[in-house]
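Quick note: numbers below take in every heavy atom, side chains included, and nothing from hydrogens, waters or symmetry partners.
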Amino acid sequence: MSEYNEKKETCGTICLKYLLFTFNFFFWLAGLAVMAVGIWTLIQKSDYISLLPSNTYAATAYILVIAGAIVMITGILGCCATFKERKSLLKVYFILLLCIFILEVLAGILAYIYYQQCTPFCLQLNAELKQSLKQTMTTKYKQPGEEKVTNAVDKLQQEFKCCGSNNSEDWRDSIWINSPEAEKRLVPDSCCKTVTQRCGIRDHPSNIYKTEGGCITKLETFIRAHLLIIGAVGIGIACVQLFGMIFTCCLYRSLKSEPY
């Protein structure tokens with residue numbers, strides 16, 4: 001009878017090991033995906049993010065990279081602890097899972113709270129960002145040594161289908177627009193719906209993004225939409241981690257009850 005129970009326990013332990021290994025594999029893939037999103041943000045979005053005075057958006061991308069790396073390391077540690085059946089490693093793995101779980105739940109809740117309370121707060125913040133972006137656009141666009149800002153502004157206006165910080169009227173105060181180098185353009189060519197050489201000389205709504213809203217408004221809408229996604233993903237992954245913690249506890253108890 002004891003031999004039967006020992007075989008039963010061993011079979012249960014093997015099942016737990018493979019369940020936990022499968023969980024860790026997908027957990028590792030999730031970490032890779034999170035880190036990839038962070039790297040993609042830094043590479044693809046850094047141009048127009050650099051136009052903003054706040055470092056919050058860049059910091060968020062770096063946090064994603066670091067969080068993804070931690071998750072990947074945790075997944076590898078979990079695989080090692082599972083196959084080596086080391087209770088000490090399982091303890092460390094469980095603690096790391098618990099810490100990540102708490103952080104993800106907090107991040108999800110904070111993102112949701114910020115989204116709900118964003119309207120009054122964002123009005124003040126949005127005004128500051130509008131003024132800052134307008135100043136950057138009007139004083140640095142197409143100026144010597146400001147090629148990075150110029151490319152960032154062009155990319156921002158084309159990607160978000162907008163013109164100016166508040167609206168296309170912002171470009172009336174531009175140093176470049178009021179210079180001979182602009183060749184009588186009223187707005188940069190990147191404001192045009194179909195970009196061609198010197199298309200910015202005509203600022204009719206059929207030609208430029210005149211009625212679609214300013215670039216800051218588009219950025220704010222983009223950020224608010226992604227806050228909900230970040231919150232949902234954080235809480236969703238945290239719920240999946242519950243299974244990982246449960247599997248870890250079960251495997252730990254199973255190993256503890258087995259004879260050495």
Going through the checks in order, is the side-chain contact (heavy atoms from CB on, under 4.5 Å) test met by Trp171 and Met137?
CA-CA 8 Å; Trp171 288 108; Met137 286 180 166; 3.8 Å; yes
Step by step, would you call Phe101 with Leu242 a side-chain contact (heavy atoms from CB on, under 4.5 Å)?
CA-CA 8 Å; Phe101 172 79; Leu242 281 174; 3.8 Å; yes
Test side-chain contact (heavy atoms from CB on, under 4.5 Å) applied to Thr22 and Phe26, step by step:
CA-CA 6 Å; Thr22 303; Phe26 286 106; 3.6 Å; yes
Using the rule given for side-chain contact (heavy atoms from CB on, under 4.5 Å), can you reason through Thr136 versus Val149, listing the C-alpha separation, both sets of side-chain angles and the distance that settles it, and then say yes or no?
CA-CA 8 Å; Thr136 300; Val149 172; 3.8 Å; yes
Go through the steps for Cys163 and Cys215 under the test disulfide bond (SG atoms under 2.5 Å apart), then give the verdict.
CA-CA 6 Å; Cys163 186; Cys215 293; over 6 Å; no
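The distance from atom SG of Cys80 to atom CG of Leu89, rounded to the nearest 0.5 Å, is 7.5 Å. Annotation: the span from Asp173 atom CG to Asn178 atom CG amounts to 7.5 Å, rounded to 0.5 Å. With rounding to the nearest 0.5 angstrom, the CG atom of Asn167 is 9.0 Å from the OG1 atom of Thr217. Separating the CD1 atom in Ile216 from the CG atom in Asp170 is a distance of 10.0 Å, to the nearest 0.5 Å. With rounding to the nearest 0.5 Å, the separation of CD in Gln157 from OG in Ser165 is 10.0 Å. In this structure, CG on Leu29 lies 4.5 Å from CZ on Phe25, to the nearest 0.5 angstrom.
Met245 is connected to Ile102 through a chain of hydrophobic side-chain contacts under 4.5 Å among Ile, Leu, Val, Met, Phe, Trp and Tyr, so both are in one cluster. Cluster annotation: Val195 and Ile201 are assigned to distinct hydrophobic clusters (Ile/Leu/Val/Met/Phe/Trp/Tyr, side-chain heavy-atom contacts under 4.5 Å, transitive). In the hydrophobic cluster analysis, where Ile, Leu, Val, Met, Phe, Trp and Tyr join through side-chain heavy atoms closer than 4.5 angstrom, Phe27 is grouped apart from Ile246. By the criterion of side-chain heavy atoms lying less than 4.5 angstrom apart, applied directly or through intervening Ile, Leu, Val, Met, Phe, Trp or Tyr residues, Trp28 is not grouped with Ile73; the two fall into different hydrophobic clusters.
Under the 4.5 Å side-chain criterion, counting only non-hydrogen atoms from C-beta, Thr194 is not in contact with Cys199. Residues Ile208 and Ser168 have side chains in contact (heavy-atom distance under 4.5 Å, counting atoms from C-beta outward). Looking at Leu97 and Leu77, their side chains never come closer than 4.5 Å, going by heavy atoms from C-beta outward. Between Arg172 and Ile177, every side-chain heavy-atom pair lies at or beyond the 4.5 Å cut-off. A heavy-atom distance below 4.5 Å is found between the side chains of Ile70 and Ile100. Proximity of Trp176 to Arg185: side-chain heavy atoms (C-beta onward) are separated by under 4.5 Å at one or more points. Proximity of Lys210 to Asp203: side-chain heavy atoms (C-beta onward) are separated by under 4.5 Å at one or more points. Residues Tyr93 and Leu20 have side chains in contact (heavy-atom distance under 4.5 Å, counting atoms from C-beta outward).
The aromatic rings of Phe243 and Phe247 are tilted relative to each other, their planes meeting at an angle between 30° and 60°.
Taking 4.0 Å as the cut-off between side-chain N and carboxylate O, Lys140 and Glu147 do not count as a salt-bridged pair. Salt-bridge formation is not detected for the pair Lys134/Glu169: no Lys NZ or Arg NE/NH1/NH2 atom is positioned less than 4.0 Å from an Asp or Glu carboxylate oxygen.
Side-chain atoms of Gln143 come within 3.5 Å of backbone atoms of Tyr141 as a donor-acceptor pair (strictly under, hydrogens ignored). The main-chain N or O of Lys142 is found under 3.5 Å from a side-chain atom of Thr150 such that the two form a donor-acceptor pair. A side-chain donor-acceptor contact under 3.5 Å links Asp189 to the backbone of Gly200. Between the side chain of Lys193 and the backbone N or O of Pro205, at least one donor-acceptor pair lies under 3.5 Å. Proximity of a side-chain donor or acceptor of Asn166 to a complementary backbone N or O of Gly214 within less than 3.5 Å is not detected. Counting only distance, with no hydrogens or angles, the side chain of Glu212 and the backbone of Cys162 share no donor-acceptor pair below 3.5 Å.
Other residues, nucleotides and ligands place more than 12 heavy atoms under 6.0 Å from the CZ atom of Arg202.
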